[in-house]
Amino acid sequence: MNQDRTAGTLRRLPVQKRSVERFERLLDACAETLDEVGYAALTTKEVARRAEVPIGTLYQFFSDKEGLIGALAARNLETFLERVAARLEHEKPEDVSGLVDATVDEFVTMRRTITGFGVVDFGAVGHDHTLEPVLDNNTAVAERLRALTATLTGVRGDADLEITVRVALECADSVLQLAFRTDPQGDSQLIAECKRVLNGYLNGRIRPVGDRPEPQDGR
């Protein structure tokens, strides 16, 4: 049976510059350790050692290992959304394919280049509530992508968009996992197929601002 996992607790966010630096060092050390030993073997003691901070400092920020992992996943998600938003603002795509390319390409690039991302991207296998204690990881990510899509395209961020983004995310997640199981750098043919699946599904359901008809007078 798939055991439900609950997100760990982030005890406090750093405020002072020195605390912020230590917090980020802990997340960097966590990512490095994940790449080397995997999720199961990661310990807070080893992360603190690599970050060169007292173990007590780690526990000032994080309640446990799951809290540390949750903070890393949250940082990864914020980085991903910032990269997607920046690319879309720069390219201003006029159709769905531009949205799909930006989202898939940025994820693939992060998977290839960001330390620890292959083990913990926005969550970890078997740990369904890394980002939020109530929402599972994909639902939490879909909600953020829905909000970003609504902001950048001008489409209504309603229930229809919510289910559309959620289905698209589940499809992309499955195909991209297969792509990186097939090739550690991501099988290019499977990545292309992921884009084709998303374009086929999203075409006609999401239209960027420039592709929508102007409203009629009085409406």
Side-chain angles (χ1 to χ4, degrees), residues 2 5 24-43 46-47 50-51 65 68-91 93 95-128 130-131 136-142 144-145 148-149 152 165-203 206:
N2 182 26
R5 306 286 184 175
E24 292 298 324
R25 285 214 311 272
L26 285 164
L27 295 186
D28 291 342
C30 178
E32 292 170 4
T33 308
L34 284 170
D35 257 0
E36 292 184 18
V37 305
Y39 188 102
L42 181 140
T43 65
E46 175 60 16
V47 170
R50 288 182 182 232
K65 169 180 168 178
L68 177 63
I69 293 292
L72 178 63
R75 185 176 75 170
N76 286 341
L77 178 57
E78 293 305 320
T79 300
F80 171 68
L81 293 171
E82 288 169 4
R83 291 173 65 128
V84 171
R87 179 164 169 174
L88 293 177
E89 288 285 1
H90 175 71
E91 296 180 356
D95 54 27
V96 164
S97 64
L99 296 172
V100 169
D101 283 348
T103 305
V104 173
D105 288 348
E106 292 306 323
F107 179 88
V108 169
T109 298
M110 289 182 68
R111 179 67 185 263
R112 289 171 174 169
T113 61
I114 300 296
T115 303
F117 197 77
V119 183
V120 171
D121 44 26
F122 315 129
V125 175
H127 299 262
D128 300 328
T130 303
L131 289 167
D136 66 84
N137 298 325
N138 276 2
T139 299
V141 175
R144 296 295 303 279
L145 284 173
L148 179 63
T149 301
L152 294 177
V165 173
R166 179 61 195 274
V167 170
L169 178 62
E170 292 291 343
C171 292
D173 186 34
S174 295
V175 179
L176 290 175
Q177 283 189 40
L178 176 61
F180 281 93
R181 285 200 307 270
T182 303
D183 181 342
Q185 288 299 304
D187 183 274
S188 59
Q189 186 175 2
L190 287 170
I191 292 169
E193 286 300 300
C194 177
K195 292 181 179 181
R196 188 190 316 198
V197 168
L198 294 178
N199 281 319
Y201 173 65
L202 294 173
N203 231 337
I206 295 178

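Position 1 is the first residue of the sequence; numbering continues from there.
- Judged purely by atom type and a 3.5 angstrom limit, N137 uses its side chain to pair as donor or acceptor with the backbone of T130.
- In this structure, the ring of F107 has its center less than 6.0 angstrom from the ring center of F117.
- Residues A142 and V165 come closest through the heavy atom pair O-CG1, 3.6 Å.
- Between G123 and A73, the shortest heavy-atom distance links the atoms N-CB, 4.0 Å.
- Taking every heavy atom of both residues into account, C30 and L72 meet most closely at SG-CD2, 4.0 Å.
- Side-chain contact between L68 and L27: present, with at least one pair of heavy atoms (C-beta onward) separated by less than 4.5 Å.
- Judged as a side-chain contact (heavy atoms from CB on, under 4.5 Å), and not counting sequence neighbours, the contacts of T33 are V37, L42, E46, V47, R50.
- Under the 4.5 Å side-chain criterion, counting only non-hydrogen atoms from C-beta, D105 is not in contact with V100.
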Candidate pair R166 and D136, rule salt bridge (Lys or Arg N to Asp or Glu O under 4.0 Å), full reasoning = CA-CA 12 Å; R166 179 61 195 274; D136 66 84; 3.6 Å; yes

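- Counting only distance, with no hydrogens or angles, the side chain of N76 and the backbone of V120 share a donor-acceptor pair below 3.5 Å.
- Under 4.0 Å is where a charged nitrogen must lie from a carboxylate oxygen, and between D121 and R111 no such pair does.
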When the side chains of residues 175-182 are checked against the rest of the protein, which donor-acceptor pairs come out under 3.5 Å, sequence neighbours left out?
residue: Q177; atom: NE2; partner: D173; partner atom: OD1; Å: 3.1
residue: Q177; atom: NE2; partner: D173; partner atom: OD2; Å: 3.2
residue: T182; atom: OG1; partner: L178; partner atom: O; Å: 2.8

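- At distances below 3.5 Å, not a single donor-acceptor pair connects side-chain atoms of S174 with backbone N or O atoms of C171.
- With contacts defined as side-chain heavy-atom distances shorter than 4.5 Å, the pair L202/L99 does not qualify.
- Rounding to the nearest 0.5 angstrom, the gap separating the CZ atom in F122 from the CZ atom in R75 is 13.0 Å.
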Yes or no on side chain to side chain contact (heavy atoms under 4.5 Å, CB included) for L34 and T115, after CA distance, side-chain angles and deciding distance?
-> CA-CA 8 Å; L34 284 170; T115 303; over 6 Å; no

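- Formation of a donor-acceptor pair under 3.5 Å by the D187 side chain with backbone atoms of D183 is not found in this model.
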I69 and H127: side chain to side chain contact (heavy atoms under 4.5 Å, CB included), yes or no, with the steps?
-> CA-CA 10 Å; I69 293 292; H127 299 262; over 6 Å; no

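- One distance of note links CG of D101 with CD of E106; it measures 10.5 Å at 0.5 Å rounding.
- Considering all non-hydrogen atoms of both residues, A172 and L198 come closest at CB-CD1, 4.0 Å.
- R196 and E193 are joined by a salt bridge, as a carboxylate oxygen and a charged side-chain nitrogen come within less than 4.0 angstrom of each other.
- Counting heavy atoms from C-beta on, the side chains of I114 and F80 never come closer than 4.5 Å.
- Every residue meeting the side-chain contact (heavy atoms from CB on, under 4.5 Å) condition with R25, not counting sequence neighbours, appears here in chain and number order: R22, A51, V53.
- Proximity of L88 to R83: side-chain heavy atoms (C-beta onward) are nowhere separated by under 4.5 Å.
- Formation of a donor-acceptor pair under 3.5 Å by the D95 side chain with backbone atoms of G98 is found in this model.
- Remark: the backbone N or O of Y39 is paired with a side-chain donor or acceptor of K65 at under 3.5 angstrom.
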